[in-house]
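Notes to accompany the following structure.
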Protein chains: 2
Amino acid sequence: MIKKSSKQRDAIIQSVKNRRDHPTADEIYAQLRESYPNISLGTVYRNLAKLSEAGFITRISCIEGADRFDGDTSSHYHFQCITCRKICDIDMDVDTNLNAKVEKLLDAHVDDHMAMFFGTCCKCKGLAKI
Amino acid sequence: MIKKSSKQRDAIIQSVKNRRDHPTADEIYAQLRESYPNISLGTVYRNLAKLSEAGFITRISCIEGADRFDGDTSSHYHFQCITCRKICDIDMDVDTNLNAKVEKLLDAHVDDHMAMFFGTCCKCKGLAKI
DNA sequence: ATTAAATTAGTAACAATTATTATTATTGAG
DNA sequence: CTCAATAATAATAATTGTTACTAATTTAAT
Ligand SMILES: [Mn+2]
Ligand SMILES: [Mn+2]
Ligand SMILES: [Zn+2]
Ligand SMILES: [Zn+2]
């Protein structure tokens with residue numbers, strides 16, 4: 001799929017890998033424009049799609065708004081605050097033998113699973129009390 | 001939020017509750033047009049949003065394409081086939097004490113969590129062998 | 001260096017969703 | 001049971017997130 005290199009793509013990988021905030025395509029675009037003033041939003045979308053398909057990064061689809069991307073491809077769960085909409089990682093073991101369990105239940109082949117916890121983050125929890 | 005009733009909304013609830021296939025707004029619209037030929041797609045979107053916000057139904061966001069809706073609001077996990085894109089329920093206990101675990105880890109308030117398993121369903125698995 | 005293919009920027013097109021507006025339906029007070 | 005208040009609707013326009021297209025540029029193999 002990916003056959004040649006480009007500095008735009010390298011910068012996109014770098015951006016996603018360096019950030020911990022699960023950015024959207026638009027947020028990555030905004031960041032990259034500082035170093036590459038005429039990078040195209042289409043290039044960002046195209047490469048994020050290619051990179052996630054190739055497994056270099058992970059795509060996270062959200063109920064509200066744009067997809068988000070994660071440079072950490074290790075299996076881990078996420079939490080999303082229903083107030084500020086921020087997503088953060090959960091430092092908790094992923095139950096990988098659930099995959100085998102589901103395979104048997106459905107007679108399917110299971111590659112992986114993802115989990116998203118919903119609630120109010122510590123910051124927004126605090127603000128609500130004021 | 002919801003202050004008056006309407007037969008369109010009632011029909012939307014009924015549709016989502018009766019189906020087991022986690023339909024999109026468009027699919028619900030297509031079904032309802034048979035009995036309500038001049039129902040508006042906007043009405044379907046608006047009510048699905050209201051109903052899921054009010055907790056009558058659940059919204060499921062997918063990586064590809066439109067959001068899907070589930071009339072079964074009980075906590076359960078889903079499986080999505082990466083080939084045919086169909087979503088089905090998994091008849092497996094939901095680990096609810098994970099919520100408390102995450103609350104402690106993040107010092108957040110956790111309402112719930114969802115999980116999606118990805119892979120190839122039994123049908124698509126079979127077809128691949130032919 | 002030559003050349004073919006991949007990638008890009010820029011723009012147009014697209015699909016999913018939301019907002020607007022004028023009209024209709026529901027509801028509760030009198 | 002009226003009838004005004006207002007919530008909900010159909011139709012349509014607008015917005016958002018994303019993908020497709022095209023010509024120009026960059027990459028990498030010869
Ligand atoms: Mn993450
Ligand atoms: Mn379900
Ligand atoms: Zn928050
Ligand atoms: Zn399938």
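All values below come from the heavy atoms of this structure, side chains included, with hydrogens, waters and symmetry mates left out. Chain letters run A, B, ... following the sequence lines, proteins first and then strands; every chain starts at 1.
Rounded to whole Å, atom C1' of D/dT26 lies 17 Å from atom NZ of A/Lys3. Note: CG (B/Asp10) to C1' (C/dA25) measures 13 Å, nearest angstrom. Rounded to whole Å, atom P of C/dT7 lies 16 Å from atom OH of A/Tyr36. Rounded to whole Å, atom C1' of D/dT19 lies 16 Å from atom CD1 of B/Ile63. We find that CG of B/Asn47 is positioned 15 Å from P of D/dA7, with the value rounded to whole Å. Note: OH (B/Tyr29) to P (D/dT12) measures 11 Å, nearest angstrom. Distance CG (A/Leu41) to C1' (C/dA12): 14 Å, rounded to an integer number of Å. For A/Glu27 and D/dT18, the CD to P distance is 11 Å, given to the nearest whole Å.
Nucleic acid contact class of B/Lys4 (heavy atoms, under 4.0 Å, all strands): base. A/Ser5 comes within 4.0 angstrom of sugar-phosphate atoms only, judged by non-hydrogen atoms across all strands, and of no base. Nucleic acid contact class of A/Asp26 (heavy atoms, under 4.0 Å, all strands): none. Using a 4.0 Å heavy-atom distance criterion, A/Asp67 is classed as a sugar-phosphate-only contact.
For the pair B/Lys7 and A/Ile2, nearest-nucleotide mapping onto DNA chain C gives the more 5' position to A/Ile2. Between B/Gly42 and B/Ser6, it is B/Gly42 whose nearest contact on DNA chain C lies nearer the 5' terminus.
With D/dA11, C/dT7, C/dG10 as the candidates, the nucleotide lying closest to the side chain of A/Lys50 is C/dT7.
At a threshold of 4.5 Å between side-chain heavy atoms, the hydrophobic network of Ile, Leu, Val, Met, Phe, Trp and Tyr places A/Phe118 and B/Leu105 in two separate groups.
A salt bridge does not link A/Arg20 to A/Asp89: none of the charged nitrogens lies less than 4.0 Å from a carboxylate oxygen.
Side-chain nitrogen and oxygen atoms of A/Arg9 include at least one within less than 4.0 Å of the OP1 or OP2 phosphate oxygen of C/dT7. Proximity of B/Arg46 to the phosphate of C/dT18: no side-chain N or O atom is located under 4.0 Å from OP1 or OP2. Contact between the side-chain N/O atoms of B/Thr43 and the OP1/OP2 oxygens of D/dA10 is found at a separation under 4.0 Å. Of the side-chain N and O atoms in A/Tyr45, none sit less than 4.0 angstrom from OP1 or OP2 of D/dT19. Here B/Gln8 reaches the OP1 or OP2 of D/dA10: one of its side-chain N or O atoms lies under 4.0 Å away. In this structure, A/Asn38 does not reach the C/dT8 phosphate: none of its side-chain N or O atoms is under 4.0 Å from OP1 or OP2.
Judged purely by distance below 3.5 Å, without hydrogens or angles, the side chains of B/Thr83 and B/Thr120 never pair a donor atom with an acceptor atom. The closest side-chain donor-acceptor pair between B/Gln8 and B/Thr43, if any, does not fall under 3.5 angstrom.
In this structure, A/Leu41 and A/Tyr29 approach most closely via the heavy-atom pair N-CE1, 3.4 Å.
Checked against a 6.0 Å centroid threshold, the rings of A/Phe117 and B/His109 do not count as neighbours.
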